[in-house]
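To find a chain, count down the sequence lines: A is the first, B the second, and so on, and within it residues start at 1.
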Amino acid sequence: MVDLSQLNPRQHEAAKYIDGPLLVLAGAGSGKTSVITRKIAYLIDACGIKAHHIAAVTFTNKAAREMKERVNALVGKGGAKGLTVSTFHNLGLNIIRHELKTAGYKSGFSILDQDDCKNIIRDVMHREHGDDGDMIELVQNSISNLKNDLITPEHALQVAQSPQEMMIAQTYAVYQRMLKAYNAVDFDDLILVPTLLFRDHADVLARWQKKIRYLLVDEYQDTNTSQYELVKFLVGQRSGLTVVGDDDQSIYAWRGARPENLALLKKDFPTLKLIKLEQNYRSTGLILHAANHVIDNNPHEFEKKLWSDKGYGDPIRILKCRNDEAEAERVATEIIERRMRYGCSYRDFAVLYRGNHQSRAIEMKLQSFQVPYKLSGGQSFFGRNEIKDIMGYLRLLINPSDDAAFLRIINTPRREIGPTTIEKLSEYAAMRGTSLMSATTEMGLEQVLMPKAVDRLRRFGQWLEGITRNAYTDDPVAAIKELINDIDYEGWLLQNSGTPHQAERRMKNVWFLVDSVAKMIDKAEEVGDEVTIEDAVGKLVLRDMLEQQEQEDENDQVQLLTLHASKGLEYPHVYIIGMEEELMPHRNSIEANTIEEERRLMYVGITRAKRTLSLTYAAKRRQYGETASTTHSRFLDELPQKDVEWEGKTETSAEEQKQRGQETLNSLKGMLADF
DNA sequence: TAGGCAGTCGTTTTT
DNA sequence: CGACTGCCTA
């Protein structure tokens, strides 16, 4: 039987309350994951609800994985069999996969990332409006917003108010048709399509309501309209819903999240019960106090007062640095120094920043001091060119209609098939109403292309068809290896990367990808799941790969991440760098008047720290190759000044700063020499 | 068609 | 300052 005794009274109540829909307002570090995981265990053990009737939804794969592990530990492997713990997007993918026909897709459909989508939109706008491409970002964002708001192209056309909205709605409509033709969905469709499916097909909805009898949603303040509707459909008139959220940690409004969904719950579920978790188990008193003090500058829907019974702890430090390089050096040397002095590990340190590019300076310094670090986010595994290439082949393998993938890889590595050939091929395919892939083997090609070009296309088409056959009739992984061999991808990398060493690294990434596919298929077979290469590739696109994380978590590395990426994580020692106006809060946020969301981001950053918190800013910063003076962030002034130590604020001379840096460096060198 | 070169342009956050 | 585009030549 599950043990709830470690929970405090509020947590305990939240875990046991199953009489109706429940909203848990969980402040930062208040142990919400414990509540969710123990509640799942409680539902299985004490309430007799079968694990396969329970679904828990999170926003990141990392959170989902962690939750799954913790539930397993609580109820034992067997007990949690069939339990769904996944991201919203993964749940959506599953629903689409099970309702393929009704949803109007064929098996092996592709999931396109933003780059692919942007290319399609560029293409559409070029054709339909002769647009040269400065509006693409805007249009792409607008379409995404429409989808997040559960607005179909037809609906968007009806409600368009301005010529621009009209243009966006038209592009949306054509774009959506192209996706269908490609047998592909984008990220937003993974939510939108299932929701529309539930709205329009009572039988499908009934099936899923029967399957999911209890739904738990984490980070509820991050849901968008489509996601909320999906939740409402799944829950229906029943009471099996627990949502956990914190309006102060809503930092994703820019991608359609609606923090007001928290308040909306009261209206949509009149019997909603509200439980607040206000005890923080993570941070020292001063850090927590600082966080409360900052966030008090925001208006609040729900009043909430975080407290902690840990001691006050060290004061918060604000470090003024001469410039961005000095800032990076200061942080890097301090980490080394503290590690040696207090015997902590590299992994105890996190450096947080507003924008990905800010990691660069820190990276350089850490590298020069030989400090191991892990860069999360930014140029991710799936953003790498070699991975996108191979993923292109994989996608084409399982979905020949995927023109976006075709275009990516048709001339990579070089096959002497250039823009002119591709343009003619596209015209021909459009005329015949087929995909580019199947057009390559059609007979009519001779009419429009030179024999040489036809030959090259045909060779490619036939070759890939052969590989595809092997993948389906034989060992799929072997087929993929054969593919990579055939195109001599390694040779291509060798030619194309700066150094042989780099090429080797990139090739390792490729093999890692192939391994992931293999593992995924193996694992599925073990459990008896019917998971095909299609599923494996789909999950890959959603980055649902466990191995990579596990491996890297083993290592003792300083953590470099954006403030956004830091949500849900915690570290003993936290540095937040670049605390300057126009950087944090970001210039765009000042202009767009979304300071409150920036403040919440600040709040998230502060509350990541368990023991010490250091905030740094640079008096001068290089940007666009020019050096400009800066103003320190307004958020620094919003901290409770009696708990804060400013260093270098009052014009301590540049000389003194320099000297101090030199001293640190020298003492470090001395310490290093001793080791 | 590919590869090199020079001018351009610009940096929020992500499933 | 550096990444990216697009032009130009072999």
Result for 5'-nearest mapping on DNA chain B, choosing between A:R456 and A:A592, is A:R456
Which comes earlier along DNA chain B counting from the 5' end, the contact point of A:P419 or that of A:T87, where each point is its nearest nucleotide?
->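 Nearest nucleotide further toward 5': that of A:P419.
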With heavy atoms under 4.0 Å as the rule, sort [X] into base, sugar-phosphate or nothing.
X	value
A:R414	sugar-phosphate
A:T594	nothing
A:N411	sugar-phosphate

Kindly indicate whether a cation-pi arrangement holds for A:K180 with A:Y105, taking the cut-offs as under 6.0 Å to the six-membered ring centre and within 45° of the axis.
-> yes
With a distance cut-off below 6.0 Å to the six-membered ring centre and an angular limit of 45° from the axis, does A:R600 pair with A:Y603 as a cation-pi contact?
-> no
Looking at [N], I'd like to know if its phosphate oxygens (OP1 or OP2) sit under 4.0 Å from a side-chain N or O belonging to [X].
X	N	result
A:R360	C:dA3	yes
A:N356	B:dT14	yes
A:S589	B:dT12	no
A:T562	B:dT14	yes

Rounding to a whole Å, what distance do you find between [X]:[atom1] and [N]:[atom2]?
X	N	atom1	atom2	answer
A:R600	B:dT12	CZ	P	20 Å
A:E591	B:dT13	CD	P	16 Å
A:R255	B:dT14	CZ	C1'	5 Å
A:Q140	B:dT14	CD	C1'	12 Å
A:N119	C:dT5	CG	P	10 Å
A:E596	B:dT13	CD	P	22 Å
A:Q623	C:dA3	CD	C1'	17 Å
A:I417	B:dA2	CD1	C1'	14 Å

Please name the residue in the list A:D403, A:D402, A:D116 that meets the side-chain hydrogen bond (donor to acceptor under 3.5 Å, both in side chains) test with A:S110.
->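 So, applying the side-chain hydrogen bond (donor to acceptor under 3.5 Å, both in side chains) to A:S110 and each of A:D403, A:D402, A:D116, only A:D402 qualifies.
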Sub-3.5 Å donor-acceptor pair from the side chain of A:N411 to the main-chain atoms of A:R415, do we have one?
->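 Yes, A:N411 side chain to A:R415 backbone: donor-acceptor pair under 3.5 Å.
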Between [options], which nucleotide gets closest to the side-chain atoms of [X]?
X	options	result
A:E416	B:dA2, B:dT15, B:dT12	B:dA2
A:T420	B:dT14, B:dT1, B:dT15	B:dT1
A:N588	B:dT15, B:dT1, B:dT12	B:dT12
A:T421	B:dT1, C:dC1, B:dT12	B:dT1

With centres under 5.5 Å and planes under 30° as the test, does A:W254 stack with B:dT13?
-> yes
Give a yes/no verdict on base stacking between B:dT12 and A:H586: centres under 5.5 Å, planes within less than 30° of parallel.
-> yes
No-hydrogen, no-angle side-chain donor-acceptor test under 3.5 Å, A:Q559 and A:Q557 =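 Per modelled atom types, A:Q559 and A:Q557 side chains form no pair under 3.5 Å.
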So, A:N509 and A:E386: side-chain donor and acceptor under 3.5 Å apart, yes or no?
-> yes
Looking at B:dT15, does its base get a donor-acceptor pair with the side chain of A:E219 below 3.5 Å?
-> no
If the P atom of C:dC4 is compared with that of B:dT13, how far apart are they to the nearest Å?
-> 15 Å
